[in-house]
Amino acid sequence: MGALEGRVAIITGAGRGVGREHALLFAAEGAKVVVNDLGGGTDGTGSDATPAQQVVDEIRAAGGEAVANGDDVADAEGAHRLVQSAVDAFGDLHVLVNNAGILRDRMLVNLSDEEWDSVVRVHLRGHFLPTRAAARYWREKSKSGAPVDASVINTTSTSGLFGNVGQSNYGAAKSGIATFSMIAQEELGRYGVRVNAVAPAARTRLTGTIPTAEDGGSAINETAEEGFDANDPANIAPFVAYLATRDCPIAGRVFFVYGGAVHLFQPWAIVESIEKPQRWTVAELEKEAGHFATVPFDLRRPF
């Protein structure tokens, strides 16, 4: 038996890249998979049912079970239909992997309202709505007395957790997703739901829009000519699959996954303070608070 035998999983943005690898591995490990993908461009425009159906065909050819879904995850009715499609096709839902995303990179002073709104919509709203729809399903199931052993795995990014120039829209949404995941765990744990988030680093269509290392950008798009390919998107799927297993004990955590490494993030934490038993004056703060500017942070930035 596979590690996900008997589990029903929805994976959004599963037509290509990291999401596709999730879907293929989940199915190989025995899960029944709803492959969701709107099939748009990297900027979110357009739609095409082909990518999702191709992944479904590949899963079925390998002996697995899957259905395609083309609903917009950032639309409330679409998110509801997405959850219902899993229940209709396979009788239940155990796992939701929120992975769909787009990019509209631009320096802040040139960033348009629409470029901000579209990225925040797909990422942040596109995590909230499917999670809410799934949570409502699991809450009702729990209240009826049926056992719930569900898992939500959200997709954040180092662009949000560390910051990245030219991605204020994307980074803000991604850091929001990390916080959303921790709060969702506090709210949904009572219903038998575990919520975690993963920041993946891998070669995808979206990273293809980033300048290469030769141009002073990232080396994430490089392909290893021999040996282990650390940038292969398939490297992310095993840890996500582990988080989706029935007996995984991890909940409310955020991870960075790259190549063969899995790193646990520490959330926002107080690292330095000044205190007095009365209200501060501006003059006192001018004297005492300036050292905050030089307090070192041990971020362990990966890139």
Side-chain angles (χ1 to χ4, degrees), residues 3-4 7 9-14 16-26 29 31 33 35-37 73 94-103 122-124 126-128 130-131 134 150-164 167 170-185 188-189 193-207 218 220 230-246 248-268 299-303:
L4 297 174
R7 306 283 272 172
I10 292 171
I11 303 174
T12 73
R16 304 180 178 94
V18 170
R20 173 181 177 274
E21 299 298 338
H22 291 343
L24 294 177
L25 181 62
F26 271 54
E29 290 289 346
V33 183
V35 178
N36 164 267
D37 203 298
V73 295
H94 306 99
V95 182
L96 170 64
V97 180
N98 288 308
N99 173 76
I102 65 170
L103 287 179
V122 172
H123 288 277
L124 198 51
H127 273 64
F128 158 60
T131 302
S151 177
V152 177
I153 301 101
N154 292 325
T155 306
T156 181
S157 172
T158 55
S159 292
L161 300 172
F162 290 123
N164 194 35
Q167 293 190 318
Y170 178 76
K174 287 302 191 182
S175 59
I177 287 168
T179 302
F180 170 75
S181 301
M182 293 186 292
I183 296 172
Q185 173 58 45
L188 302 181
V193 182
R194 291 175 288 107
V195 185
N196 293 287
V198 169
R203 184 180 56 248
T204 68
R205 277 199 317 158
L206 294 188
T207 65
S218 173
I220 197 69
N231 295 332
D232 189 335
N235 298 331
I236 313 301
F239 187 68
V240 173
Y242 166 62
L243 292 175
T245 57
R246 181 177 287 104
C248 178
I250 302 171
R253 301 300 176 107
V254 179
F255 298 89
F256 168 57
V257 182
Y258 172 61
V262 178
H263 306 273
L264 173 64
F265 278 101
Q266 176 176 286
W268 285 99
L299 297 179
R300 298 179 61 187
R301 294 181 70 104
F303 300 115

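These values consider heavy atoms only, across backbone and side chains, with no hydrogens, waters or symmetry-generated copies. Throughout, numbering of the chain's residues begins at 1 and tracks the sequence.
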As a quick check of understanding, evaluate side chain to side chain contact (heavy atoms under 4.5 Å, CB included) for T155 and I177, giving each step before the final call. CA-CA 7 Å; T155 306; I177 287 168; 6.0 Å; no

Go through it in stages, so that I can follow the logic: the residues are K174 and L161, the test is side chain to side chain contact (heavy atoms under 4.5 Å, CB included), and I'd like the CA-CA distance, side-chain angles, deciding distance and then a yes or no. CA-CA 7 Å; K174 287 302 191 182; L161 300 172; over 6 Å; no

Verify side chain to side chain contact (heavy atoms under 4.5 Å, CB included) between N164 and Y170, making sure each step is shown before the conclusion. CA-CA 9 Å; N164 194 35; Y170 178 76; over 6 Å; no

Walk me through whether F265 and T156 qualify under side chain to side chain contact (heavy atoms under 4.5 Å, CB included). CA-CA 12 Å; F265 278 101; T156 181; 5.9 Å; no

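Taking the six-membered ring where tryptophan is involved, the planes of Y242 and F239 are tilted, since the angle between them lies from 30° to 60°.
When the options I11, L243, V195 are evaluated for a side-chain contact (heavy atoms from CB on, under 4.5 Å) with I153, the one that passes is L243. Just one residue in the list V18, L25, L24 forms a side-chain contact (heavy atoms from CB on, under 4.5 Å) with E21, and that residue is L24.
Panel note: side chain N154, backbone N98; no donor-acceptor pair is recorded below 3.5 Å. No donor-acceptor pair closer than 3.5 Å links the side chain of H22 to the backbone N or O of A241. Between the side chain of T12 and the main chain of A100, a donor-acceptor pair closer than 3.5 Å is present.
Separating the OH atom in Y258 from the CD1 atom in I236 is a distance of 9.5 Å, to the nearest 0.5 Å. Taken from NE2 in H94 to CZ in R246, the straight-line distance is 6.5 Å, to the nearest 0.5 Å.
Surrounding CZ of R194 are more than 12 heavy atoms belonging to other residues, nucleotides or ligands, all under 6.0 Å away.
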